[in-house]
Amino acid sequence: MKPHSFRSFRPTLHALALASALAVSALSPLGVAAEPLRWGAQNDILTMDPHSQNHATTNAIMMHTYEGLTRYDKDYKVEPGLATSWQQISPTQWRFNLRKGVTFNDGSPFTADDVVFSFERIRQPQGTMQVYVTGIKEVRKIDDHTVDMILDSPVPILLRNIIDFRIMSKAWSVKNKSEKVQDYKAREDTFASRNTNGTGPYIINGWSPDQRIVMSDNTKWWGKKSGNVDRVTYTPIKADATRVAALLSGEVDMVTDLPTQDVARLKQNPGLKVLEGAEVRTIFIGLDQHSNELQFSDVKGKNPFKDVRVRQALNLAVDRAAIQRTIMRGLSVPGMLMVAPGVNGYTKEADKPAAANVDAAKKLLADAGYPNGFEFTLDCPNNRYVNDEEICQAIVGMWARAGLKVKLNAMPFATFVPKIQKHDTSAYMLGWGVATYDALYSLQSLVRTKTTGADGNFNLGRISDPKLDALIDAAKSETDVAKRDALLKEGLKLTMDNAYYVPIHHQIRPWAMKKNVTTVHRSDDRPEARFTSVGGS
(Lines give C-alpha, C1' and ligand atoms only; values in the text may rest on other atoms or scores of the structure.)
Protein backbone atom coordinates (compact mmCIF):
# COMPACT_ATOMS: atom_id res chain seq x y z
CA MET A 1 0.00 0.00 0.00
CA LYS A 2 1.21 3.49 -0.72
CA PRO A 3 1.73 5.96 2.13
CA HIS A 4 -1.26 8.13 3.01
CA SER A 5 -0.66 11.72 1.89
CA PHE A 6 -3.41 13.14 4.18
CA ARG A 7 -3.66 16.06 1.76
CA SER A 8 -5.13 15.17 -1.61
CA PHE A 9 -8.88 14.89 -2.13
CA ARG A 10 -10.06 11.30 -1.96
CA PRO A 11 -13.51 10.66 -3.45
CA THR A 12 -15.40 8.15 -1.39
CA LEU A 13 -17.91 5.38 -1.84
CA HIS A 14 -19.17 3.83 -5.00
CA ALA A 15 -21.44 5.07 -7.74
CA LEU A 16 -24.54 3.67 -6.10
CA ALA A 17 -23.93 5.50 -2.86
CA LEU A 18 -23.23 8.74 -4.70
CA ALA A 19 -26.42 8.33 -6.65
CA SER A 20 -28.30 7.75 -3.41
CA ALA A 21 -26.74 10.87 -1.96
CA LEU A 22 -28.09 12.97 -4.79
CA ALA A 23 -31.61 11.77 -4.10
CA VAL A 24 -31.89 13.80 -0.89
CA SER A 25 -35.42 14.02 0.42
CA ALA A 26 -37.04 17.42 0.61
CA LEU A 27 -38.74 16.66 3.91
CA SER A 28 -37.40 15.21 7.12
CA PRO A 29 -39.10 12.18 8.72
CA LEU A 30 -40.98 14.68 10.91
CA GLY A 31 -42.59 16.28 7.87
CA VAL A 32 -40.71 19.58 8.20
CA ALA A 33 -38.32 20.98 5.64
CA ALA A 34 -34.98 19.19 5.69
CA GLU A 35 -32.01 21.47 6.16
CA PRO A 36 -28.21 21.26 5.87
CA LEU A 37 -25.87 21.61 8.85
CA ARG A 38 -22.43 23.19 8.48
CA TRP A 39 -20.31 22.09 11.41
CA GLY A 40 -16.85 23.38 12.22
CA ALA A 41 -14.32 22.03 14.72
CA GLN A 42 -10.61 22.05 15.39
CA ASN A 43 -9.31 18.80 13.99
CA ASP A 44 -9.89 16.37 11.18
CA ILE A 45 -10.58 12.66 11.32
CA LEU A 46 -7.58 10.34 11.05
CA THR A 47 -9.12 7.67 8.83
CA MET A 48 -12.44 6.29 7.62
CA ASP A 49 -11.59 2.74 8.68
CA PRO A 50 -13.92 2.23 11.68
CA HIS A 51 -11.61 -0.33 13.30
CA SER A 52 -8.32 1.56 12.94
CA GLN A 53 -8.06 4.47 15.37
CA ASN A 54 -9.77 5.01 18.72
CA HIS A 55 -9.87 8.77 18.19
CA ALA A 56 -12.90 10.76 19.35
CA THR A 57 -13.32 12.96 16.27
CA THR A 58 -12.94 9.97 13.95
CA ASN A 59 -15.49 8.03 16.01
CA ALA A 60 -17.84 11.04 16.11
CA ILE A 61 -17.94 11.24 12.32
CA MET A 62 -17.87 7.51 11.58
CA MET A 63 -20.81 6.81 13.91
CA HIS A 64 -22.99 8.74 11.46
CA THR A 65 -22.53 5.95 8.90
CA TYR A 66 -21.20 2.88 10.74
CA GLU A 67 -23.41 1.43 13.47
CA GLY A 68 -23.07 -0.99 16.37
CA LEU A 69 -25.44 -3.60 17.71
CA THR A 70 -26.31 -1.19 20.55
CA ARG A 71 -26.27 2.59 20.81
CA TYR A 72 -26.93 5.41 23.27
CA ASP A 73 -30.15 7.38 23.39
CA LYS A 74 -30.20 11.09 24.24
CA ASP A 75 -29.74 10.29 27.94
CA TYR A 76 -26.89 7.80 27.47
CA LYS A 77 -29.07 4.81 28.14
CA VAL A 78 -28.32 1.75 26.03
CA GLU A 79 -30.92 1.01 23.36
CA PRO A 80 -31.16 -1.29 20.32
CA GLY A 81 -29.08 -0.50 17.25
CA LEU A 82 -28.38 -3.16 14.64
CA ALA A 83 -29.60 -5.65 17.23
CA THR A 84 -33.28 -5.40 18.10
CA SER A 85 -33.00 -7.37 21.35
CA TRP A 86 -30.66 -9.55 23.39
CA GLN A 87 -30.70 -12.01 26.22
CA GLN A 88 -28.11 -13.40 28.58
CA ILE A 89 -28.24 -17.17 28.18
CA SER A 90 -25.54 -17.74 30.77
CA PRO A 91 -22.92 -15.56 32.52
CA THR A 92 -20.64 -16.07 29.50
CA GLN A 93 -23.11 -16.28 26.61
CA TRP A 94 -25.27 -13.50 25.17
CA ARG A 95 -27.65 -13.90 22.24
CA PHE A 96 -28.36 -10.94 19.93
CA ASN A 97 -31.29 -10.83 17.53
CA LEU A 98 -30.23 -8.79 14.51
CA ARG A 99 -32.37 -6.21 12.77
CA LYS A 100 -33.92 -7.55 9.56
CA GLY A 101 -34.28 -5.60 6.32
CA VAL A 102 -31.18 -3.46 6.91
CA THR A 103 -28.93 -2.79 3.93
CA PHE A 104 -25.48 -1.29 3.56
CA ASN A 105 -25.02 1.74 1.29
CA ASP A 106 -24.15 -0.53 -1.64
CA GLY A 107 -27.51 -2.29 -1.29
CA SER A 108 -26.20 -5.55 0.17
CA PRO A 109 -28.09 -7.00 3.16
CA PHE A 110 -26.80 -6.83 6.72
CA THR A 111 -26.49 -10.33 8.22
CA ALA A 112 -24.78 -12.28 10.97
CA ASP A 113 -21.82 -12.90 8.65
CA ASP A 114 -21.00 -9.19 8.83
CA VAL A 115 -21.00 -9.23 12.64
CA VAL A 116 -18.70 -12.26 12.80
CA PHE A 117 -16.38 -10.73 10.19
CA SER A 118 -16.30 -7.35 11.96
CA PHE A 119 -15.45 -9.00 15.28
CA GLU A 120 -12.45 -10.80 13.80
CA ARG A 121 -11.41 -7.61 12.04
CA ILE A 122 -11.60 -5.21 15.01
CA ARG A 123 -9.38 -7.54 17.05
CA GLN A 124 -6.45 -7.25 14.63
CA PRO A 125 -3.42 -5.86 16.49
CA GLN A 126 -2.63 -2.96 14.14
CA GLY A 127 -5.87 -1.21 15.16
CA THR A 128 -6.61 0.47 18.50
CA MET A 129 -10.31 -0.34 18.89
CA GLN A 130 -10.04 -3.72 20.66
CA VAL A 131 -11.22 -2.25 23.96
CA TYR A 132 -14.78 -2.26 22.62
CA VAL A 133 -14.80 -6.07 22.30
CA THR A 134 -12.76 -6.78 25.41
CA GLY A 135 -13.67 -10.06 27.09
CA ILE A 136 -15.41 -11.49 24.02
CA LYS A 137 -13.86 -14.80 22.98
CA GLU A 138 -16.02 -15.55 19.97
CA VAL A 139 -18.97 -14.24 17.97
CA ARG A 140 -20.87 -17.27 16.72
CA LYS A 141 -23.46 -17.23 13.94
CA ILE A 142 -26.68 -19.01 14.88
CA ASP A 143 -28.59 -18.06 11.73
CA ASP A 144 -28.62 -15.10 9.33
CA HIS A 145 -30.14 -12.81 11.95
CA THR A 146 -28.88 -14.24 15.24
CA VAL A 147 -25.42 -14.25 16.81
CA ASP A 148 -24.09 -15.39 20.15
CA MET A 149 -21.26 -13.66 21.94
CA ILE A 150 -19.17 -16.15 23.89
CA LEU A 151 -17.24 -14.46 26.68
CA ASP A 152 -13.99 -15.39 28.42
CA SER A 153 -15.72 -14.48 31.70
CA PRO A 154 -18.67 -12.25 32.63
CA VAL A 155 -18.46 -8.72 31.16
CA PRO A 156 -20.60 -6.40 33.33
CA ILE A 157 -20.60 -3.53 30.83
CA LEU A 158 -20.82 -5.55 27.61
CA LEU A 159 -23.75 -3.58 26.17
CA ARG A 160 -21.89 -0.29 26.64
CA ASN A 161 -18.62 -1.64 25.30
CA ILE A 162 -20.04 -2.81 22.00
CA ILE A 163 -21.65 0.53 21.10
CA ASP A 164 -18.40 1.43 19.35
CA PHE A 165 -17.97 -2.03 17.82
CA ARG A 166 -18.95 -0.85 14.34
CA ILE A 167 -20.21 -3.33 11.77
CA MET A 168 -18.70 -3.48 8.29
CA SER A 169 -19.88 -5.41 5.25
CA LYS A 170 -17.87 -8.59 4.83
CA ALA A 171 -18.58 -8.80 1.09
CA TRP A 172 -17.61 -5.16 0.48
CA SER A 173 -14.42 -5.50 2.51
CA VAL A 174 -13.38 -8.68 0.68
CA LYS A 175 -14.23 -7.19 -2.72
CA ASN A 176 -12.09 -4.13 -1.98
CA LYS A 177 -9.20 -6.01 -0.35
CA SER A 178 -9.90 -4.40 3.03
CA GLU A 179 -10.20 -7.49 5.20
CA LYS A 180 -7.28 -6.17 7.24
CA VAL A 181 -7.44 -3.08 9.43
CA GLN A 182 -5.36 -0.17 8.20
CA ASP A 183 -1.96 0.11 9.92
CA TYR A 184 -2.20 3.80 10.66
CA LYS A 185 1.09 4.17 12.50
CA ALA A 186 2.86 2.80 9.40
CA ARG A 187 0.93 5.35 7.28
CA GLU A 188 -0.78 2.60 5.34
CA ASP A 189 -3.51 3.63 2.93
CA THR A 190 -6.33 1.17 2.17
CA PHE A 191 -9.67 1.27 0.39
CA ALA A 192 -11.48 1.19 3.73
CA SER A 193 -9.38 4.06 5.11
CA ARG A 194 -10.76 6.38 2.42
CA ASN A 195 -14.15 4.86 1.55
CA THR A 196 -17.19 3.90 3.62
CA ASN A 197 -20.13 1.53 3.28
CA GLY A 198 -22.30 1.71 6.38
CA THR A 199 -25.88 1.24 7.51
CA GLY A 200 -26.35 4.43 9.53
CA PRO A 201 -28.46 7.57 9.12
CA TYR A 202 -25.97 9.33 6.84
CA ILE A 203 -23.81 8.44 3.85
CA ILE A 204 -20.31 9.91 3.67
CA ASN A 205 -19.95 11.25 0.14
CA GLY A 206 -16.45 12.67 0.29
CA TRP A 207 -13.47 13.41 2.50
CA SER A 208 -10.93 16.03 1.50
CA PRO A 209 -8.38 15.77 4.34
CA ASP A 210 -7.91 18.99 6.34
CA GLN A 211 -10.67 20.61 4.26
CA ARG A 212 -14.08 18.99 4.60
CA ILE A 213 -16.21 15.90 5.00
CA VAL A 214 -19.58 15.79 3.24
CA MET A 215 -22.47 13.60 4.38
CA SER A 216 -26.02 13.23 3.09
CA ASP A 217 -29.21 11.57 4.25
CA ASN A 218 -29.40 7.80 3.99
CA THR A 219 -32.98 7.58 2.77
CA LYS A 220 -32.96 3.79 3.30
CA TRP A 221 -31.96 3.99 6.96
CA TRP A 222 -34.01 1.74 9.24
CA GLY A 223 -34.33 4.33 12.03
CA LYS A 224 -35.95 7.71 12.58
CA LYS A 225 -34.23 10.99 13.31
CA SER A 226 -35.55 13.46 15.87
CA GLY A 227 -34.06 16.34 13.86
CA ASN A 228 -34.36 17.59 10.30
CA VAL A 229 -30.73 17.67 9.15
CA ASP A 230 -30.35 15.92 5.80
CA ARG A 231 -26.85 17.08 4.82
CA VAL A 232 -23.76 17.70 6.91
CA THR A 233 -20.57 19.49 5.94
CA TYR A 234 -17.85 19.07 8.54
CA THR A 235 -14.96 21.52 8.25
CA PRO A 236 -11.79 21.19 10.34
CA ILE A 237 -10.52 24.70 11.13
CA LYS A 238 -7.29 24.62 13.12
CA ALA A 239 -6.88 28.32 13.92
CA ASP A 240 -9.06 29.56 16.81
CA ALA A 241 -9.67 33.01 15.33
CA THR A 242 -10.59 31.59 11.93
CA ARG A 243 -13.00 29.11 13.49
CA VAL A 244 -14.83 31.81 15.44
CA ALA A 245 -14.84 34.14 12.43
CA ALA A 246 -16.48 31.40 10.34
CA LEU A 247 -19.29 31.15 12.91
CA LEU A 248 -19.76 34.91 13.17
CA SER A 249 -19.81 35.37 9.39
CA GLY A 250 -22.31 32.55 8.88
CA GLU A 251 -19.92 30.27 6.99
CA VAL A 252 -20.66 27.54 9.55
CA ASP A 253 -23.77 26.96 11.67
CA MET A 254 -22.12 25.32 14.67
CA VAL A 255 -18.66 25.17 16.25
CA THR A 256 -17.82 22.50 18.83
CA ASP A 257 -14.23 23.54 19.58
CA LEU A 258 -14.60 26.99 21.11
CA PRO A 259 -11.53 28.99 22.11
CA THR A 260 -11.98 29.61 25.83
CA GLN A 261 -11.14 33.30 25.47
CA ASP A 262 -14.14 33.82 23.15
CA VAL A 263 -16.87 32.01 25.09
CA ALA A 264 -18.04 35.03 27.12
CA ARG A 265 -18.16 37.23 24.01
CA LEU A 266 -20.10 34.66 22.00
CA LYS A 267 -22.63 34.30 24.82
CA GLN A 268 -23.43 38.00 24.40
CA ASN A 269 -24.05 37.73 20.66
CA PRO A 270 -27.83 37.88 20.03
CA GLY A 271 -27.54 35.73 16.92
CA LEU A 272 -25.87 32.86 18.70
CA LYS A 273 -26.38 30.50 21.59
CA VAL A 274 -23.82 28.57 23.61
CA LEU A 275 -24.39 25.09 25.04
CA GLU A 276 -21.99 24.38 27.87
CA GLY A 277 -21.36 21.08 29.58
CA ALA A 278 -18.73 18.85 31.11
CA GLU A 279 -16.91 16.39 28.92
CA VAL A 280 -15.81 13.00 30.22
CA ARG A 281 -12.27 13.64 28.97
CA THR A 282 -9.10 13.97 31.03
CA ILE A 283 -6.03 15.79 29.69
CA PHE A 284 -2.71 14.42 30.93
CA ILE A 285 1.00 13.99 30.31
CA GLY A 286 2.29 10.48 29.68
CA LEU A 287 5.87 9.43 30.44
CA ASP A 288 8.11 6.72 29.02
CA GLN A 289 8.64 4.40 31.99
CA HIS A 290 9.98 1.47 29.99
CA SER A 291 13.11 2.44 28.06
CA ASN A 292 16.34 1.77 29.91
CA GLU A 293 17.69 5.06 28.56
CA LEU A 294 15.28 7.96 28.16
CA GLN A 295 15.02 9.14 24.57
CA PHE A 296 15.56 12.81 23.68
CA SER A 297 17.26 13.44 27.01
CA ASP A 298 20.73 14.37 28.30
CA VAL A 299 20.53 11.56 30.88
CA LYS A 300 22.56 8.65 29.60
CA GLY A 301 22.37 5.03 30.64
CA LYS A 302 19.16 5.28 32.66
CA ASN A 303 15.60 6.56 32.62
CA PRO A 304 14.63 9.13 35.29
CA PHE A 305 10.92 8.45 34.74
CA LYS A 306 11.29 4.98 36.26
CA ASP A 307 11.78 6.72 39.63
CA VAL A 308 8.51 7.55 41.37
CA ARG A 309 10.15 10.58 43.00
CA VAL A 310 10.79 12.12 39.58
CA ARG A 311 7.24 11.48 38.50
CA GLN A 312 5.93 13.00 41.74
CA ALA A 313 8.16 16.03 41.16
CA LEU A 314 6.67 16.54 37.70
CA ASN A 315 3.20 16.47 39.24
CA LEU A 316 4.09 18.86 42.07
CA ALA A 317 5.62 21.42 39.72
CA VAL A 318 2.42 21.81 37.68
CA ASP A 319 0.13 24.64 38.79
CA ARG A 320 -3.21 23.26 37.65
CA ALA A 321 -5.18 26.12 39.18
CA ALA A 322 -3.16 28.63 37.14
CA ILE A 323 -3.84 26.67 33.94
CA GLN A 324 -7.55 26.65 34.77
CA ARG A 325 -7.57 30.36 35.52
CA THR A 326 -5.36 31.84 32.80
CA ILE A 327 -5.44 29.42 29.88
CA MET A 328 -8.80 27.68 30.27
CA ARG A 329 -10.72 30.76 31.53
CA GLY A 330 -12.38 28.52 34.10
CA LEU A 331 -13.51 25.94 31.54
CA SER A 332 -11.75 22.97 33.12
CA VAL A 333 -11.79 20.98 36.33
CA PRO A 334 -8.25 20.55 37.73
CA GLY A 335 -7.81 16.96 38.80
CA MET A 336 -5.52 14.13 39.77
CA LEU A 337 -7.63 11.13 38.77
CA MET A 338 -7.38 9.65 35.30
CA VAL A 339 -11.16 9.80 34.81
CA ALA A 340 -13.55 12.73 34.86
CA PRO A 341 -16.75 13.39 36.82
CA GLY A 342 -19.57 11.38 35.30
CA VAL A 343 -17.46 8.25 34.87
CA ASN A 344 -18.23 5.26 37.09
CA GLY A 345 -15.36 4.94 39.57
CA TYR A 346 -14.77 8.67 39.92
CA THR A 347 -14.88 10.22 43.40
CA LYS A 348 -14.59 13.92 44.06
CA GLU A 349 -12.80 13.28 47.35
CA ALA A 350 -9.91 11.52 45.59
CA ASP A 351 -9.67 14.02 42.74
CA LYS A 352 -8.14 16.91 44.67
CA PRO A 353 -4.83 18.11 43.26
CA ALA A 354 -2.32 19.45 45.75
CA ALA A 355 -1.21 23.04 45.28
CA ALA A 356 1.88 23.44 43.11
CA ASN A 357 5.05 23.25 45.22
CA VAL A 358 8.25 23.99 43.30
CA ASP A 359 10.50 23.60 46.36
CA ALA A 360 9.11 20.16 47.11
CA ALA A 361 9.56 19.22 43.45
CA LYS A 362 13.20 20.34 43.52
CA LYS A 363 13.84 18.30 46.67
CA LEU A 364 12.34 15.18 45.12
CA LEU A 365 14.49 15.63 42.02
CA ALA A 366 17.59 16.10 44.16
CA ASP A 367 16.74 13.03 46.24
CA ALA A 368 16.44 11.07 43.01
CA GLY A 369 19.91 12.20 41.91
CA TYR A 370 19.00 15.16 39.70
CA PRO A 371 19.77 18.30 41.77
CA ASN A 372 20.23 20.29 38.55
CA GLY A 373 17.30 18.74 36.74
CA PHE A 374 17.66 17.14 33.31
CA GLU A 375 16.55 17.59 29.72
CA PHE A 376 13.81 15.84 27.79
CA THR A 377 11.27 16.56 25.04
CA LEU A 378 7.50 16.97 25.44
CA ASP A 379 5.55 15.97 22.32
CA CYS A 380 2.26 17.84 22.07
CA PRO A 381 -0.60 18.06 19.57
CA ASN A 382 -1.48 21.56 18.43
CA ASN A 383 -4.92 21.01 16.92
CA ARG A 384 -6.72 18.43 19.04
CA TYR A 385 -7.62 19.50 22.59
CA VAL A 386 -8.75 22.83 23.98
CA ASN A 387 -5.66 25.06 24.12
CA ASP A 388 -3.41 22.01 23.83
CA GLU A 389 -0.21 23.75 22.70
CA GLU A 390 -0.73 26.64 25.14
CA ILE A 391 -1.12 24.17 28.02
CA CYS A 392 2.08 22.39 26.98
CA GLN A 393 3.92 25.71 26.81
CA ALA A 394 2.74 26.57 30.31
CA ILE A 395 3.78 23.17 31.69
CA VAL A 396 7.24 23.49 30.14
CA GLY A 397 7.61 26.82 31.97
CA MET A 398 6.40 25.34 35.25
CA TRP A 399 8.82 22.45 34.99
CA ALA A 400 11.62 24.93 34.22
CA ARG A 401 11.08 26.51 37.64
CA ALA A 402 11.90 23.13 39.17
CA GLY A 403 15.12 22.95 37.14
CA LEU A 404 13.90 20.74 34.28
CA LYS A 405 14.93 21.77 30.78
CA VAL A 406 12.14 20.65 28.50
CA LYS A 407 11.91 21.14 24.76
CA LEU A 408 8.38 21.49 23.39
CA ASN A 409 7.72 19.62 20.15
CA ALA A 410 4.22 20.59 18.93
CA MET A 411 2.68 19.14 15.79
CA PRO A 412 -0.66 18.34 14.11
CA PHE A 413 -2.52 15.39 15.63
CA ALA A 414 -2.29 13.30 12.46
CA THR A 415 1.52 13.44 12.76
CA PHE A 416 1.55 13.15 16.55
CA VAL A 417 -0.45 9.91 16.87
CA PRO A 418 1.76 7.58 14.81
CA LYS A 419 4.83 9.06 16.53
CA ILE A 420 3.71 8.23 20.05
CA GLN A 421 2.21 4.88 19.00
CA LYS A 422 5.69 3.88 17.83
CA HIS A 423 7.04 4.89 21.28
CA ASP A 424 9.13 7.56 19.58
CA THR A 425 8.69 9.87 22.56
CA SER A 426 9.95 10.59 26.06
CA ALA A 427 6.84 12.48 27.22
CA TYR A 428 3.58 13.38 25.50
CA MET A 429 0.24 15.12 26.05
CA LEU A 430 -2.90 13.11 25.45
CA GLY A 431 -6.59 13.43 26.25
CA TRP A 432 -8.71 10.39 27.08
CA GLY A 433 -12.47 10.42 26.79
CA VAL A 434 -14.45 7.55 28.29
CA ALA A 435 -16.87 6.23 25.70
CA THR A 436 -18.31 3.61 28.06
CA TYR A 437 -18.66 5.96 31.06
CA ASP A 438 -16.84 3.36 33.15
CA ALA A 439 -13.30 3.65 34.57
CA LEU A 440 -12.29 0.18 33.37
CA TYR A 441 -12.09 1.68 29.86
CA SER A 442 -9.31 4.04 31.02
CA LEU A 443 -7.51 1.69 33.38
CA GLN A 444 -7.40 -1.16 30.87
CA SER A 445 -6.26 1.05 28.00
CA LEU A 446 -3.85 3.39 29.79
CA VAL A 447 -2.44 1.51 32.80
CA ARG A 448 -2.75 -2.25 32.28
CA THR A 449 0.51 -3.89 31.18
CA LYS A 450 0.38 -4.21 27.42
CA THR A 451 -0.24 -7.72 26.23
CA THR A 452 -2.64 -8.30 23.35
CA GLY A 453 -6.01 -6.90 22.42
CA ALA A 454 -7.33 -4.10 24.61
CA ASP A 455 -4.86 -4.56 27.45
CA GLY A 456 -2.58 -1.55 27.46
CA ASN A 457 -3.33 -0.57 23.87
CA PHE A 458 -2.75 3.12 24.75
CA ASN A 459 -0.30 2.45 27.58
CA LEU A 460 2.31 4.28 25.51
CA GLY A 461 4.59 4.89 28.50
CA ARG A 462 4.56 1.07 28.96
CA ILE A 463 3.68 1.13 32.65
CA SER A 464 3.77 -2.34 34.22
CA ASP A 465 2.46 -2.86 37.74
CA PRO A 466 1.40 -6.42 38.70
CA LYS A 467 -0.80 -5.20 41.56
CA LEU A 468 -2.68 -2.85 39.25
CA ASP A 469 -2.95 -5.54 36.59
CA ALA A 470 -4.63 -7.85 39.11
CA LEU A 471 -7.14 -5.16 40.12
CA ILE A 472 -7.96 -4.32 36.52
CA ASP A 473 -8.36 -7.96 35.53
CA ALA A 474 -10.65 -8.55 38.49
CA ALA A 475 -12.82 -5.57 37.54
CA LYS A 476 -13.28 -6.95 34.02
CA SER A 477 -15.49 -9.78 35.26
CA GLU A 478 -16.73 -8.79 38.74
CA THR A 479 -20.53 -8.72 38.66
CA ASP A 480 -21.09 -7.50 42.22
CA VAL A 481 -21.54 -3.75 41.72
CA ALA A 482 -20.11 -2.67 45.09
CA LYS A 483 -17.08 -4.94 44.79
CA ARG A 484 -16.45 -3.83 41.23
CA ASP A 485 -16.71 -0.13 42.10
CA ALA A 486 -14.21 -0.67 44.92
CA LEU A 487 -11.77 -2.30 42.48
CA LEU A 488 -12.06 0.64 40.07
CA LYS A 489 -11.53 3.21 42.82
CA GLU A 490 -8.51 1.35 44.16
CA GLY A 491 -7.05 1.10 40.67
CA LEU A 492 -7.46 4.84 40.09
CA LYS A 493 -5.92 5.61 43.50
CA LEU A 494 -2.90 3.38 42.87
CA THR A 495 -2.38 5.04 39.50
CA MET A 496 -2.43 8.45 41.21
CA ASP A 497 -0.27 7.44 44.20
CA ASN A 498 2.41 6.04 41.90
CA ALA A 499 2.28 9.15 39.69
CA TYR A 500 2.17 6.99 36.59
CA TYR A 501 0.73 10.00 34.73
CA VAL A 502 0.63 13.76 35.18
CA PRO A 503 -3.11 14.55 35.02
CA ILE A 504 -3.86 18.20 34.26
CA HIS A 505 -7.64 18.63 34.15
CA HIS A 506 -11.00 17.39 32.91
CA GLN A 507 -12.35 19.41 30.00
CA ILE A 508 -15.53 21.46 29.97
CA ARG A 509 -16.75 21.70 26.41
CA PRO A 510 -18.89 24.63 25.24
CA TRP A 511 -20.46 24.51 21.77
CA ALA A 512 -21.69 27.63 19.95
CA MET A 513 -24.28 27.73 17.20
CA LYS A 514 -26.73 29.96 15.40
CA LYS A 515 -29.96 30.63 17.25
CA ASN A 516 -31.88 28.46 14.79
CA VAL A 517 -29.78 25.35 15.47
CA THR A 518 -31.07 22.93 18.10
CA THR A 519 -28.99 19.97 19.19
CA VAL A 520 -28.22 17.82 22.23
CA HIS A 521 -24.96 18.54 24.07
CA ARG A 522 -23.00 15.30 24.41
CA SER A 523 -20.53 14.77 27.24
CA ASP A 524 -18.53 12.42 25.01
CA ASP A 525 -18.07 15.38 22.62
CA ARG A 526 -19.79 13.58 19.78
CA PRO A 527 -22.49 15.78 18.23
CA GLU A 528 -25.10 13.68 16.45
CA ALA A 529 -26.80 15.07 13.36
CA ARG A 530 -29.80 12.79 13.94
CA PHE A 531 -30.55 14.78 17.11
CA THR A 532 -30.07 18.15 15.38
CA SER A 533 -32.49 20.56 13.71
CA VAL A 534 -31.88 23.72 11.71
CA GLY A 535 -34.54 26.34 11.07
CA GLY A 536 -37.22 28.29 12.90
CA SER A 537 -36.59 31.19 15.22
Over-ring placement of [X] relative to [Y], 6.0 Å and 45° cut-offs:
| X | Y | answer |
| --- | --- | --- |
| Arg160 | Tyr72 | no |
| Lys100 | Phe110 | no |
| Arg99 | Trp222 | yes |

(request) Output, in order, the C-alpha distance, side-chain angles, deciding distance and verdict of side chain to side chain contact (heavy atoms under 4.5 Å, CB included) for Leu258 and Trp511. (result) CA-CA 6 Å; Leu258 284 186; Trp511 300 350; 5.8 Å; no
Okay, side chain of [X], backbone of [Y]: is any donor-acceptor separation there less than 3.5 Å?
| X | Y | result |
| --- | --- | --- |
| Gln42 | Asp257 | no |
| Asn498 | Thr495 | no |
| Asp253 | Arg38 | yes |
| His51 | Arg166 | yes |
| Ser445 | Asn457 | no |
| Tyr184 | Ala414 | yes |
| Asn459 | Gly456 | no |
| Asn387 | Ile327 | yes |
| Glu389 | Asn382 | no |
| Ser178 | Asn176 | yes |

So with a 6.0 Å cut-off around NZ of Lys175, is the heavy-atom count from everything else above 12? no
| Has Lys180 got more than 12 heavy atoms of other residues, nucleotides or ligands less than 6.0 Å from its NZ? | no
Does the ring center of His55 lie less than 6.0 Å from the ring center of Phe413? yes
- Message: Could you check, using the six-membered ring where one of them is a Trp, whether Tyr132 and Tyr441 have ring centers closer than 6.0 angstrom?
- Response: yes
Can you confirm whether [X] sits close enough to [Y] that some side-chain heavy atom of one is under 4.5 Å from a side-chain heavy atom of the other?
| X | Y | result |
| --- | --- | --- |
| His423 | Asp288 | no |
| Val214 | Ile204 | no |
| Val147 | Leu98 | yes |
| Thr256 | Trp39 | yes |
| Tyr202 | Asn218 | no |
| Ile136 | Phe165 | no |
| Leu294 | Val299 | no |

Note: [X]-[Y] ion pair, threshold 4.0 Å (strictly below):
| X | Y | answer |
| --- | --- | --- |
| Arg281 | Asp525 | no |
| Arg71 | Glu79 | yes |
| Asp217 | Lys225 | yes |

Kindly give the heavy-atom pair with the smallest separation between [X] and [Y], and that separation in Å.
| X | Y | result |
| --- | --- | --- |
| Val339 | Ser442 | CG1-OG, 3.6 Å |
| Thr47 | Ser52 | CG2-CB, 3.9 Å |
| Asn197 | Ser169 | ND2-CB, 3.7 Å |
| Ile283 | Gln507 | CD1-OE1, 3.5 Å |
| Leu46 | Trp207 | O-CH2, 3.8 Å |
| Met168 | Asp114 | O-CB, 3.4 Å |

**Q.** Step-by-step salt bridge (charged side-chain N to carboxylate O under 4.0 Å, His left out) determination, Asp455 to Lys450
**A.** CA-CA 5 Å; Asp455 286 346; Lys450 183 169 178 57; over 6 Å; no
Are Lys238 and Asp210 close enough, and set up right, to give a salt bridge (charged side-chain N to carboxylate O under 4.0 Å, His left out), and what steps lead you there? CA-CA 9 Å; Lys238 178 179 180 291; Asp210 297 324; over 6 Å; no
Any chance you could lay out the side chain to side chain donor-acceptor pair (under 3.5 Å) test for Asn105 and Lys220, step after step, and finish with the verdict? CA-CA 8 Å; Asn105 299 150; Lys220 296 180 180 179; over 6 Å; no
Gap separating the [atom1] atom of [X] from the [atom2] atom of [Y], nearest 0.5 angstrom:
| X | Y | atom1 | atom2 | answer |
| --- | --- | --- | --- | --- |
| Asn383 | Asp44 | CG | CG | 9.0 Å |
| Lys141 | Asp148 | NZ | CG | 13.0 Å |
| Gln53 | Thr128 | CD | OG1 | 4.0 Å |
| Ser426 | Leu378 | OG | CG | 8.0 Å |
| Ile420 | Asp379 | CD1 | CG | 8.0 Å |
| Asn97 | Ile142 | CG | CD1 | 10.5 Å |

Q: Apply the test side chain to side chain contact (heavy atoms under 4.5 Å, CB included) to residues Met149 and Leu69: give CA-CA distance (whole Å), side-chain angles for both, the deciding distance (0.1 Å), then the verdict.
A: CA-CA 12 Å; Met149 287 188 180; Leu69 300 185; 3.7 Å; yes
From the list Phe117, Phe191, Phe104, Tyr66, ring-ring contact (aromatic ring centres under 6.0 Å, His included) partner of Trp172 resolves to Phe191
Only one of Phe296, Phe305, Tyr428 passes ring-ring contact (aromatic ring centres under 6.0 Å, His included) with Phe376, and that residue is Phe305
- Task: Before giving the answer on side chain to side chain donor-acceptor pair (under 3.5 Å), spell out for Asn344 and Asp438 the whole-Å C-alpha distance, their side-chain angles and the decisive distance to 0.1 Å.
- Result: CA-CA 5 Å; Asn344 182 45; Asp438 186 88; 2.9 Å; yes
For this session: Show your reasoning for whether salt bridge (charged side-chain N to carboxylate O under 4.0 Å, His left out) applies to Asp469 and Arg448.
Result: CA-CA 5 Å; Asp469 290 348; Arg448 176 66 168 77; 3.7 Å; yes
Could you give me the CA-CA distance, side-chain angles and deciding distance for Glu179 and Arg121, then say whether salt bridge (charged side-chain N to carboxylate O under 4.0 Å, His left out) is met? CA-CA 7 Å; Glu179 300 99 317; Arg121 191 176 189 276; over 6 Å; no
With side chain to side chain contact (heavy atoms under 4.5 Å, CB included) as the test, would you mind laying out the steps for Arg522 and Glu528 before giving the verdict?
-> CA-CA 8 Å; Arg522 311 295 277 166; Glu528 291 197 52; 3.4 Å; yes
Q: Evaluate the side chain to side chain contact (heavy atoms under 4.5 Å, CB included) criterion for residues Met48 and Met62: first the C-alpha distance (whole Å), next the side-chain angles of each, then the deciding distance (0.1 Å), finally the verdict.
A: CA-CA 7 Å; Met48 292 204 292; Met62 290 300 104; 3.7 Å; yes
